[in-house]
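Atoms within a ligand are numbered from 1 in the order they appear, just like the ligands themselves.
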Amino acid sequence: MPDSTPTVAIVIPVFNEEPVLPELFARLGALFAANPGTAWRVVFVNDGSRDRSAEMILAKGSEDPRFELVELSRNFGFQSALAAGLARAGGVDAAVTMDADLQDPPELIPQLVAEWRAGAEVVRAVRRSRQETGVRRLGFDLFHSVFGRLTDIPIESNTGTFGLLGRPALEAFSQLQERHRFFPGLRAWIGFPTADVLYDRQERAAGQPGQTFRRLVRYAVDGFFSFSYLPLRFLTYTGVFVSALGFALGLFFIVKRLLGIETATTGFTTLVSLVTFLGGIQLIGIGVLGEYLGRVYDEVKRRPIYLVKPPRR
Ligand code: UDP
Ligand code: MG
């Protein structure tokens with residue numbers, strides 16, 4: 001448990017966030033000024049931004065050393081950037097994880113810290129409402145309802161990255177070296193005492209979401225495959241069902257022949273449908289196996305999940 005002045009690091013992955021950074025700096029600064037009982041640090045992880053984000057953070061850091069920058073060698077994606085930031089924050093009493101775009105309001109952080117000081121090792125910020133609309137919204141809802149029902153680890157449907165990890169949780173987290181990472185799932189997997197804080201998710205303060213829809217879909221598929229064997233089990237069930245059907249059909253034709261009931265030899269349509277249907281099922285099966293195999297391949301290569309850029313000279 002924290003002593004009188006705990007050190008809390010705020011870990012923020014940044015990818016082309018130039019337009020929101022000034023407001024982010026200001027709101028974090030105000031937060032620090034209003035909560036002097038905590039030793040604050042901000043760890044920005046520049047995930048290969050192509051704008052002036054890194055320069056802006058460096059400039060901020062030179063006037064206020066609490067603002068630090070970790071630079072990755074290229075764009076590794078949000079999950080890897082988060083892992084890099086958490087690794088850099090190692091040794092702090094607690095780390096807050098949040099997005100740079102101010103959809104996660106920094107003003108909530110004192111509440112997260114309060115829950116942690118009251119004894120929780122993991123604090124999740126739970127959305128009371130969501131700002132996304134249309135396809136994105138539908139996608140999120142669908143993902144969460146499917147994910148919640150089908151995976152082996154339940155995750156709260158209205159949580160994202162925003163939250164806090166105490167030091168034991170941070171240490172546990174640093175042991176998870178898998179490449180396909182899904183933060184809310186991993187956080188649930190740790191299983192430490194968890195508390196929730198409700199909040200209203202905000203509109204992105206400025207700029208465009210860097211996570212394209214395609215990327216979000218990939219992320220959802222990733223989360224699903226890395227936390228569930230259900231697709232494999234489902235294949236087995238389908239196999240059992242289809243063979244049972246085939247067996248029954250065979251039996252039916254044998255009995256029919258024995259009883260001497262002859263019908264005209266038609267059935268081309270039936271045959272074609274059956275062959276394509278079964279072929280389709282087999283291809284889907286191979287695809288599902290491939291999803292897992294690809295993941296296994298990625299994991300056994302044991303490449304690091306991110307690389308830090310050599311320091312500027
Ligand atoms: N981000 C990142 N790497 C990427 C894409 C995004 O570090 O390749 C960061 C981004 O700067 C922001 C957070 O991840 O801090 C969430 O991104 P975004 O707002 O684009 O995603 P969404 O809100 O749609 O999940
Ligand atoms: Mg966002």
Side-chain angles (χ1 to χ4, degrees), residues 9-25 27-28 42-57 60 67-89 95-106 108-109 124-127 129-144 147 155 157-163 179-185 187 199-223 305-309:
I10 302 169
V11 174
I12 310 179
V14 173
F15 177 61
N16 296 342
E17 298 288 7
E18 206 180 291
V20 295
L21 284 179
E23 191 185 337
L24 181 62
F25 294 155
R27 282 169 67 177
L28 286 173
V42 193
V43 177
F44 287 103
V45 182
N46 177 25
D47 186 20
S49 295
R50 284 179 279 273
D51 61 4
R52 296 189 36 82
S53 297
E55 285 74 11
M56 289 172 72
I57 295 164
K60 179 72 186 170
F67 290 74
E68 300 165 32
L69 176 67
V70 179
E71 283 200 273
L72 303 188
S73 60
R74 61 171 170 86
N75 179 251
F76 280 90
F78 174 74
Q79 297 292 321
S80 303
L82 196 62
L86 289 174
R88 169 64 64 98
V96 171
T97 47
M98 65 181 257
D99 288 358
D101 58 8
L102 293 168
Q103 285 191 288
D104 306 332
L108 194 77
I109 292 174
R124 302 180 298 189
V126 181
R127 287 179 288 264
S129 58
R130 232 188 204 293
Q131 295 300 321
E132 280 85 3
T133 47
V135 197
R136 264 176 117 82
R137 171 68 185 258
L138 205 76
F140 281 120
D141 287 350
L142 190 75
F143 170 69
H144 279 296
F147 193 93
I155 60 165
S157 71
N158 279 322
T159 58
T161 318
F162 198 18
R179 286 191 50 79
H180 290 272
R181 306 173 74 81
F182 177 60
F183 184 74
R187 189 172 54 187
Y199 80 110
D200 291 305
R201 194 157 164 87
Q202 311 293 310
E203 211 76 76
R204 179 176 249 284
Q208 289 296 317
Q211 312 240 67
T212 56
F213 191 69
R214 236 183 74 207
R215 208 162 181 158
L216 284 176
V217 170
R218 213 172 67 195
Y219 180 53
V221 170
D222 234 37
I305 46 190
Y306 58 84
L307 280 181
V308 174
K309 202 180 201 167

* At a non-hydrogen distance cut-off of under 4.0 Å, which region of I12 contacts ligand 1 (side chain, backbone, both, or neither)? -> neither
* **Residue N75 vicinity, atoms of ligand 1 by number, heavy atom under 4.0 Å** => 3 (N), 4 (C), 8 (O)
* Keeping the roles fixed (side chain from D104, backbone from D99), state whether a donor-acceptor pair exists under 3.5 Å. => yes
* Among the N, O or S atoms that D101 has, which is closest to the Mg ion (ligand 2)? -> OD2
* Asked: Quick one: do D200 and R127 make a salt bridge, cutoff under 4.0 Å?
  -> no
* Give a yes or no on whether the backbone of Q103 and the side-chain of D101 come within a donor-acceptor separation of less than 3.5 Å. => yes
* Least distance between heavy atoms, A95 atom then L86 atom -> CB-CD2, 4.0 Å
* **Atoms of ligand 1 close to D101 [distance to a heavy atom under 4.0 angstrom, numbered from 1]** => 18 (P), 19 (O), 23 (O)
* Using a strict 4.0 Å cut-off to heavy atoms of A100, name the atoms of ligand 1 that fall inside it. => 12 (C), 15 (O)
* Nitrogen or oxygen atoms of P13 and ligand 1 under 3.5 Å apart -> yes
* Check: T161 side chain, T97 main-chain N or O, donor-acceptor pair, under 3.5 Å -> no
* Structure fact -> Nearest non-hydrogen contact to atom 11 (O) of ligand 1 from the set Q103, R201, E17, Q79 belongs to E17
* Asked: What are the atoms of ligand 1, with element, lying closer than 4.0 Å to any heavy atom of V14?
  -> 7 (O), 11 (O)
* **Minimum heavy-atom distance between V45 and A84, given as atom pair plus value** => CG1-CB, 4.2 Å
* To do: Anything under 30° is parallel, anything over 60° is perpendicular, the rest tilted; go ahead and classify F67 against F25.
  => perpendicular
* Asked: Which atoms of ligand 1 have any heavy atom of G77 under 4.0 Å away?
  -> 3 (N), 8 (O)
* Could you tell me whether the Mg ion (ligand 2) has an N, O or S atom of D99 under 2.8 Å away? => no
* Asked: Which one holds for D47 and ligand 1: side chain close, backbone close, both close, or neither close, with close meaning a heavy atom under 4.0 Å?
  -> side chain
* F162 and P105: which non-hydrogen atoms are nearest, and at how many Å? -> CZ-O, 3.5 Å
